[in-house]
Amino acid sequence: MTPDEYHFSLLLKTVRSLLGPEGCPWDQKQSTLSLKKYFIEEFAEVIEAIDKNDPENLCEELGDMLFLLILMAEINKKNGSFTLNDIIRNINEKMIRRHPHVFADGEKGSLEELEKQWRAIKSQEKEKKTN
Ligand code: MG
């Protein structure tokens, strides 16, 4: 296991402990809707850290976001909506699909062509979803 994988698994364990039987009443009371305001707050703090060009603070604020994201995923797992695994699997598949010039035999065109390709794949995905 790499250090990234190890620390990610520790964070996941921490969130699961917070939501577990011996966990934290505040975390256990949260819902998708109640977490909305914290996502907005943390997003604003991320933006502020970027604007201040403060990498140390950005690192901390991205951590706050990551925690919220995992908490949101675990809450939705409890209510049967989706899991962290669904989120990770879906975004990974999406990124691979949208980069055929890296993961398939697509051509590495200019930046403009790559952006055009991205938009084309995105609209194909949207079409598939509505059909
Ligand atoms: Mg914060």
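When a residue number appears, it is its place in the shown sequence, counting from 1. In each ligand, atom 1 is the first atom listed, and ligand 1 is the first ligand listed.
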Decide, counting backbone as well as side-chain atoms, whether E41 has an N, O or S atom less than 2.8 Å from the Mg ion (ligand 1). no
Does L66 form a side chain to side chain contact (heavy atoms under 4.5 Å, CB included) with F8? I'd like the steps, not just the answer. CA-CA 10 Å; L66 183 60; F8 187 83; 4.3 Å; yes
What does the angle at the Mg ion (ligand 1) come to, between atom OE1 of E45 and atom OD2 of D64, rounded to 10°? 180°
If you stand at the Mg ion (ligand 1) and look out to OE1 of E61 and OE1 of E42, what angle do those two lines make, to 10°? 90°
Considering all heavy atoms of both residues, which atom of I75 and which atom of Q30 are nearest to each other, and what is their separation? CD1-O, 3.6 Å
Note: E107 and L114 closest approach over all heavy atoms is O-CD2, 4.3 Å
Check the orientation of H99 and H101. Use parallel for under 30°, tilted for 30 to 60°, and perpendicular for over 60°. tilted
